[in-house]
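Down below is the structure, laid out as structure tokens.
Proteins get letters first, then strands, A, B, ... in listed order; numbering begins at 1 in each.
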Amino acid sequence: MTTTHTPPHIRLANEISAQFQQRDPAAAAQEIAQHIQSFWDPRMRAKLIADAGAPGSGLDPLAVAAAALLPPAVHG
Amino acid sequence: MSLIKEQDYGTPARPGEATVSVEIDGKTVLVPEGTSVMRAAAEAGIDIPKLCATDSLEPFGSCRLCLVDIDGRKGSPASCTTPCTPGMKVRTQTPKLAELRRGVMELYISDHPLDCLTCPTNGDCELQDMAGVVGLREVRYGFDGENHLDLPTDSSNPYFDYDASKCIACSRCVRACDEVQGTFALTLEGRGFATKIAAGAGGSFMESDCVSCGACVQACPTATLQERTVVELGMPTRSVLTTCAYCGVGCSFKAELRGDEVVRMVPYKDGKANEGHSCVKGRFAFGYASHPDRQLKPMVRERITDPWREVEWGEAVEYVGKRMLEIQAGHGAGAIGGITSSRCTNEEVYAVQKMVRAAFGNNNVDTCARVCHSPTGYGLKQTYGTSAGTQDFKSVEKADVILVIGANPTDAHPVFASRIKRRLRQGAKLIVADPRRIDLVRSPHIEAQHHLRLMPGTNVALINAMAHVVVTEGLVDREFVAERCEDFDEWERFISGPEHSPEAVEEITGVPAADVRAATRLYASAPNATIMYGLGVTEHSQGSTMVMGMANLAMATGNIGREGVGVNPLRGQNNVQGSCDMGSFPHELPGYRHVSDDAVRNVFETLWGRTLQSEPGLRIPNMFDAAIDGSFRALFVQGEDIVQSDPNTKHVTAALSAMDLVVVQDLFLNETSKYAHVFLPGTSFLEKDGTFTNAERRINRVRPVMAPKTGKHEWQIVCEIAQAMGYPMKYDDAAQIMDEIAITTPTFAGVSFAKLDQVGSVQWPCNDNAPEGTPIMHIDGFVRGRGRFVDTVYVPTKERSTRKFPLILTTGRILSQYNVGAQTRRTGNSAWHPEDLLEMHPHDAEVRGVRDGDTVSLTSRVGETSLRVKIDDRMPVGVVYTTFHHPVTGANVVTTEHSDWATNCPEYKVTAVEVALRNPTPATAAPAMAE
Ligand code: SF4
Ligand code: SF4
Ligand code: SF4
Ligand code: FES
């Protein structure tokens, strides 16, 4: 039995991005960023922002674009 | 409080203005058209003797005890079946009537055991009362003629007996089963003297279709149908009004006690959610509250491998406070959090989220509603502006078409299902969208016009196809849309795309295009069409999208903002609505207001004296992920067994094992407490003081019938932990907590225990314009202003059947059991559901060599469990189904990490699995209720 080894923040960001595939990419990135900003804890956002820059992260291009719009995440 | 006796008006109230004036025994009464003479008399304070009439049932006119004289009419008609006509003059007491009534009573009594003094219902028997009322002193026929006195008692039901010798054949039970419950399990067999009641085809109650709702017991005027607890404990002497703690219907009950012992729970007629009806859980399954398994003392242990050590409250609370602070000192303020329970009261939930936000200093609070209805919150907020159903239950009485999607109300919301069934028997049309042929599809006197048997995971494709038909076949309510909504044009372009047509998605959904078209036309052209949905909508990777899809459909057809329409989530647990309302989500303060909203935070900061975080916290699945990567290390769990109820058990237990401190507050030791360091005993609903909010936003009082068996209320313990962490948090009683909710949360403005005691219940939003609440929402405008159409792209789940895992598993619940079963398994309800079974289609069983009753292994890519099989063609080919009421089954051992894209609500309803024969066993499955 195998489990998926995609890190959760990548899997979740990709699942959100999948919902916006048919939209204009710029608008989609905006909405995804807004969604993530509203619902994600800062430590998950920080990981997403960190991974978005790295090649081979497995992130959907829309998620990468969205991550670029997120303000830096600070967590305590 | 003494024993509450509700007045019985004899026949049901009729709707409408009181316009018909009649005179009864010289008194003038004004009643609505269609009101019986009996009821009019009762309203005037005149009781006419009766036996076969009761106001929950249509009159039947069989006992002839209620005869009256009416000026200008021949004979003495039965007042229960005679409607009032204008100017009618009635006399209820004359010597002739007295004579007739005595004659009737004499016949009844001559065939009735004369053991009143030793009868369990002595003093609560209408036959006895009526004998007194009509002045019966002697029985001329003697007692030795032919009689029914030696008929046997049927004790097959775990909760009530049927003592046939006491039956007067009034048929109230039969009619209650038909009219109130809608199960049609009972018949009146034979004629004349030989008439008797039969359950099913002459077998016992247990062998019949009876679902043990108790309506017949309630209706029986004698001791024939009697709760066994009354026989064992004696008649109760006092009542406390309270609310059922099982499902989201939120039925009102009279807890009837003798001393401090609950003798029985009797549904309350004035309860707006249930109007005097009940189901087997609320009516009978309360014994768990005094079950010996209950842990009543706090316990602590350093490591989860150590034995538990019972401690005093002070030590337990100090320990939790100290450890929480230590963990924060070592790993940061965000390293700890809490989970609230949908089974606890609003006040208890509010206290936990306040402890997390103010004492923990973060937003790491989530609720078990995460795993059931979080997509409802998201979807309805995006489209309509608020996270709640649009209607009250009563509204279904005005519906012409009822669309039930991914819900199984007869099992999960039985009392509301009875209302739905009543409306369907009156002629409303039914569309069911569900992979399984749920009972509602075909049951006595009900047949769905359309059963759209879609493949699990394809809800969005189906709802889009329906919306496509609406826009392309000219079924849009253009006026409503133009006046009330926004973003319609863009949505119309999106949904008219040919890829959404029923023909295009037929292969995905498995539903014939013609059926989709016909069902949509039926829905869209009805004067009033309503949508009811359940976890079959939300527990999917597109749960939120589907909620928005239904919201779109209702708006496009103008089915919002009046009686009989709307979009209605059927909530699983009793206080799912309330726990969400109370700020249990990590991104929202009470009243669904985002934590980033400075003005809202300011309200709480001023009152609580602490700076609050403006960033969202961790959701439950994020907590588990963060526990595994080490940044989240302590968790307070209020009344939820996350190990049994959350998906992918292995992942959950790995997360809990990785934590430094797990605190469980619950009634019983459970699967989660195996991973806990501190166990704080909780209170049952019979000890709680507070409120629950049901699926129709109705805030109902939960009143304690006894002091907490643990010595403390749950909210008190939470306050003490906050104090141990250095945050002063104190209330004198639960009422003060509600007062705080009311002043901080605009939709709860003015709500207080005193107000609820006065008016019974209110439906939020309550505000200056609607101080008594709002039964139906979005009447003149949507909460967000204009209703918003949202494009709902169908993105298939990643969980697909494969060669290795060719079947799709979907999960659900059964009538007699509740959630993880911690309560119901500790009651007589286990007579109906002693184990979880795997339902599968005969074809799928045959190709695997599996027979009914065999034990099989159920394997997904994350885990394996074993269960016994029930072969049933209510399942479609390729889909198997089970429940998760028993821990040994571990249904969630196999469910996966997939979740709703917007809310992380787990995808319980779709798991690719394989089934293989493990142990052929002789099939001796116990009868499963509602099967
Ligand atoms: S308990 Fe309910 S279902 Fe059973 S016979 Fe009585 S009314 Fe019918
Ligand atoms: S069992 Fe009770 S309700 Fe039913 S017919 Fe007999 S007396 Fe009437
Ligand atoms: S329908 Fe729900 S609230 Fe009502 S009695 Fe049954 S379990 Fe309790
Ligand atoms: S009460 Fe009217 S006929 Fe029985």
Tested for side chain to side chain contact (heavy atoms under 4.5 Å, CB included) against S38(A), the lone hit among H594(B), E588(B), H587(B) is H594(B)

Please work out whether the ring planes of H35(A) and W901(B) are parallel, tilted or perpendicular, with thresholds of 30° and 60°. tilted

When the 4.5 angstrom heavy-atom criterion is applied to Q22(A) and chain B, the contacting part is side chain

Whatever's closer than 4.5 Å to a heavy atom in chain A on F632(B) counts as both

**Prompt:** Sub-3.5 Å donor-acceptor pair from the side chain of R43(A) to the main-chain atoms of G334(B), do we have one?
**Reply:** yes

The reported gap from CG in D625(B) to CG in D41(A) (rounded to nearest 0.5 angstrom) is 11.0 Å

Cut-off 4.5 Å, heavy atoms of chain A, and the answer for N363(B) is neither

CE (M548(B)) and CD (Q19(A)) are apart, to the nearest 0.5 Å, by 7.5 Å

| field | Validation row: P616(B), R45(A) side chains within 4.5 angstrom (heavy atoms) | value | yes

Heavy-atom closest pair (P42(A) atom, E615(B) atom, distance to 0.1 Å) is CG-CB, 3.7 Å

Here the pair of heavy atoms bringing E15(A) nearest to S899(B) is OE1-O, 3.3 Å

Separation between NZ (K798(B)) and CG (N14(A)), nearest 0.5 Å, reads 6.5 Å

When the 4.5 angstrom heavy-atom criterion is applied to F585(B) and chain A, the contacting part is neither

In terms of heavy-atom pairs under 4.5 Å with chain A, the winner among L618(B), D629(B), T903(B), N622(B) is L618(B)

If you tally heavy-atom pairs under 4.5 Å between each of V795(B), N362(B), T545(B), D900(B) and chain A, the highest tally belongs to V795(B)

